[in-house]
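Okay, so here's the structure we're looking at.
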Amino acid sequence: NCKVAFKKQFNGKKYNWIQLAGHAGRFKPGEREGFILKLMDNLERNSLQILQNDILSDFVPKIDKILLDREDENYYTEMQDLLYSFTNPCIMDIKIGVRTFIIDNSNEKETKPRNDLYLKLIEVSPDEPTEEEHQLKAITKRRYMSWREKSTCSATLGFRIEAIKKNQVKEKEFYSVKDKSEVMEHFKHYTDDKKYILKMYLERLVNLKENLKKSDFFKSHEMIGSSLLFVHDEKKANIWMIDFGKTRRLPEGTHIRHDVQWEEGNYEDGYLIGLQSLIDIFQETIEH
Ligand code: ATP
Ligand code: MG
Ligand code: MG
């Protein structure tokens with residue numbers, strides 16, 4: 001049930017890659033061992049390029065060449081396959097920050113009321129639309145995305161579980177996971193409550209926080225809709241920052257804290273609110 005999945009053989013070593021969350025059709029197997037190809041996005045590539053030489057370099061996938069695929073005529077970025085060194089890993093995609101979307105006002109698809117988003121909304125929450133929205137059978141993207149923030153723990157905890165893959169099973173519907181105790185249950189299940197795995201994750205999160213404080217990149221960018229990719233197998237656990245498609249350099253002279261709520265125009269993303277909640281919840285999960 002994965003959107004994209006591929007198996008490839010390099011020098012006798014098989015590697016299995018799967019896509020957990022995100023839009024379909026943006027990934028392909030790499031031509032080089034340990035690399036995948038992600039559809040080129042100039043802004044994302046710029047961010048990753050800066051990050052390769054930032055103090056956060058160890059927390060992001062390595063990138064390399066830009067390749068043109070002669071078949072689909074698209075450009076792709078060579079990107080380190082973060083699953084490569086694991087054996088049959090469990091994977092979790094956590095979308096981090098209190099704000100998870102940007103509306104492109106020049107794009108009608110993003111500003112006009114849409115029936116597809118109305119249908120997605122009532123599938124999960126039939127009572128949510130107003131009378132008017134019911135009549136129109138359409139809602140705007142802003143309306144849909146703010147509902148997603150409020151109906152999940154994004155708004156309160158500063159992160160939400162996007163998807164989990166465990167034992168070949170992928171779970172995606174975490175719409176209703178709202179409070180700390182529910183999240184804890186999912187983390188326990190995800191790690192089989194193995195303390196040594198939980199501790200490795202916690203250590204990595206604390207380490208990430210320390211590095212973010214010192215990072216020039218983090219000081220100068222707002223990070224919207226970015227994820228932390230959790231990966232573990234029997235032996236090891238690791239976490240990386242991924243998905244910089246909606247990461248933007250702040251206007252000259254603008255400074256943000258990353259640990260306060262977003263208000264129209266303040267550029268805050270709440271990245272550190274999410275990270276701190278994750279640290280607290282992993283800590284508690286270990287203690288319980
Ligand atoms: P979105 O629609 O969220 O913007 P996207 O197309 O930008 O999605 P990502 O969010 O970057 O894609 O990644 C989607 C999924 O692909 C992740 O949840 C993860 O499972 C997988 N993935 C992304 N980057 C890597 C990587 N470097 N190594 C291994 N898996 C990855
Ligand atoms: Mg994503
Ligand atoms: Mg993206």
Side-chain angles (χ1 to χ4, degrees), residues 1-8 15-30 32-49 51-52 56-65 74-97 99-104 107 109-110 117 120 141 144-145 148-149 152 154 159-166 168-174 190 221-233 237-248 269 271 274:
N1 61 348
C2 303
K3 285 192 169 143
V4 189
F6 40 78
K7 293 175 198 277
K8 244 192 159 178
Y15 87 93
N16 299 315
W17 183 85
I18 75 142
Q19 176 179 355
L20 213 53
H23 286 83
R26 289 188 184 158
F27 290 92
K28 283 173 182 290
R32 224 146 45 89
E33 191 167 343
F35 281 81
I36 53 175
L37 301 177
K38 182 172 183 184
L39 190 65
M40 182 66 185
D41 167 338
N42 286 317
L43 287 169
E44 179 165 54
R45 171 133 187 142
N46 278 348
S47 289
L48 277 163
Q49 196 79 63
L51 282 162
Q52 305 292 299
L56 294 171
S57 63
D58 179 40
F59 289 87
V60 298
K62 306 251 171 309
I63 55 163
D64 201 347
K65 295 191 193 63
N74 284 320
Y75 286 96
Y76 288 85
T77 285
E78 269 192 317
M79 185 181 281
Q80 180 190 355
D81 173 9
L82 300 169
L83 310 182
Y84 183 70
S85 68
F86 292 84
T87 309
N88 192 18
C90 298
I91 319 167
M92 176 165 69
D93 182 311
I94 297 251
K95 191 163 280 219
I96 185 155
R99 188 157 59 116
T100 57
F101 67 92
I102 305 177
I103 301 291
D104 174 2
N107 182 346
K109 249 193 108 184
E110 305 216 341
L117 296 179
K120 272 167 91 168
K141 183 172 171 191
Y144 176 75
M145 298 298 266
R148 287 291 307 272
E149 284 173 2
T152 60
S154 283
F159 72 85
R160 70 170 178 247
I161 304 173
E162 282 287 288
I164 288 179
K165 186 220 152 211
K166 196 191 164 205
Q168 310 309 324
V169 182
K170 195 172 103 170
E171 290 175 73
K172 263 205 84 174
E173 311 298 324
F174 295 99
Y190 169 63
H221 289 75
E222 57 168 347
M223 298 182 50
I224 312 297
S226 185
S227 282
L228 290 177
L229 192 68
F230 289 65
V231 190
H232 73 267
D233 60 16
N238 214 335
I239 303 171
W240 288 274
M241 303 162 79
I242 61 161
D243 199 358
F244 301 94
K246 291 187 280 291
T247 291
R248 298 285 180 268
D269 54 18
Y271 200 97

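Numbering of ligands and ligand atoms starts at 1, following listing order. Since this is a predicted model, take the numbers as computed values, not measurements.
Below 3.5 Å of separation, one finds no N or O of Ile242 facing any N or O of ligand 1. Below 3.5 Å of separation, one finds an N or O of Ala21 facing an N or O of ligand 1.
The closest side-chain heavy-atom distance from Phe159 to Ser154 is not below 4.5 Å.
Of the listed options Lys62, Gln80, Gln19, Gln80 places a heavy atom closest to atom 27 (N) of ligand 1. The heavy atom nearest to atom 23 (C) of ligand 1, considering only Phe27, Phe86, Phe244, Tyr84, is found in Phe27. For the residues Glu44, Lys165, Lys38, the heavy atom positioned nearest atom 7 (O) of ligand 1 is part of Lys38.
With 3.5 Å as the limit, one finds a donor-acceptor pair spanning the side chains of Asp93 and Ser227. Side chain to side chain, Glu222 and Tyr271 fail the donor-acceptor criterion of an N or O pair below 3.5 Å. For the residue pair Ser57 / Gln52, no side-chain donor-acceptor distance below 3.5 Å is found, with atom types taken as modelled. Asp64 and Gln80 form no side-chain donor-acceptor contact under 3.5 Å, judged by distance and modelled atom types alone.
Contact annotation: for Arg26 versus ligand 1, heavy atoms closer than 4.0 Å belong to the side chain alone. Counting heavy atoms closer than 4.0 Å to ligand 1, residue Asp243 contributes atoms from both its backbone and its side chain. Residue-level proximity to ligand 1 for Pro61 is carried by the side chain, the only part with a heavy atom below 4.0 angstrom. Of all the heavy atoms of Trp17, the ones lying under 4.0 Å from any atom of ligand 1 belong exclusively to the side chain.
Heavy atoms of Glu162 stay at 4.0 angstrom or farther from ligand 1. Under the 4.0 angstrom criterion for non-hydrogen atoms, Ile91 is not in contact with ligand 1.
A distance below 6.0 Å separates the ring centres of Trp17 and Phe27. No close placement of the His221 and Phe244 rings is indicated, their centers lying 6.0 Å or farther apart.
Asp93 OD2, 2.6 Å is the protein heavy atom nearest to atom 18 (O) of ligand 1. Atom 20 (O) of ligand 1 has as its closest protein heavy atom Leu20 N, 2.8 Å. Shortest contact from atom 19 (C) of ligand 1 to any protein heavy atom: Leu229 CD1, 3.8 Å. The nearest heavy-atom contact from the protein to atom 25 (C) of ligand 1 is Ile36 CD1, 3.9 Å. The protein heavy-atom contact nearest to atom 28 (N) of ligand 1 is Leu82 N, 2.9 Å. Of the protein's non-hydrogen atoms, His23 ND1, 2.5 Å is the one closest to atom 2 (O) of ligand 1. Atom 8 (O) of ligand 1 has its closest protein heavy atom at Gly22 CA, 3.3 Å.
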Quiz item: After noting the C-alpha distance and the side-chain angles of Arg99 and Glu149, does the key distance pass the salt bridge (charged side-chain N to carboxylate O under 4.0 Å, His left out) rule?
Solution: CA-CA 7 Å; Arg99 188 157 59 116; Glu149 284 173 2; over 6 Å; no
Practice problem: For the pair Asp58 and Leu56, evaluate side chain to side chain contact (heavy atoms under 4.5 Å, CB included) and give the outcome as yes or no after the intermediate values. | Solution: CA-CA 5 Å; Asp58 179 40; Leu56 294 171; over 6 Å; no
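Contact atoms of ligand 1 toward Asp81: 28 (N), 29 (C) (distance under 4.0 Å to a heavy atom of the residue). Close approach of ligand 1 to Met79 is summarised as follows: ligand atoms under 4.0 Å from at least one heavy atom of the residue are 27 (N).
Summarising the geometry of Leu48 relative to Val60, their closest heavy-atom pair is CD2-CB, 4.2 Å, with the distance given to 0.1 Å. In plain terms, the two heavy atoms of Ile102 and Lys246 that are nearest each other are CD1-O, 3.8 Å.
Note: Arg26 CZ to Glu44 CD = 8.0 Å, rounded to the nearest 0.5 Å.
Ionic pairing of Lys170 and Glu162 is not present here: no N-O contact between side-chain nitrogen and carboxylate oxygen is shorter than 4.0 angstrom.
When distances from the Mg ion (ligand 2) to the N, O or S atoms of Asp243 are compared, OD2 comes out shortest.
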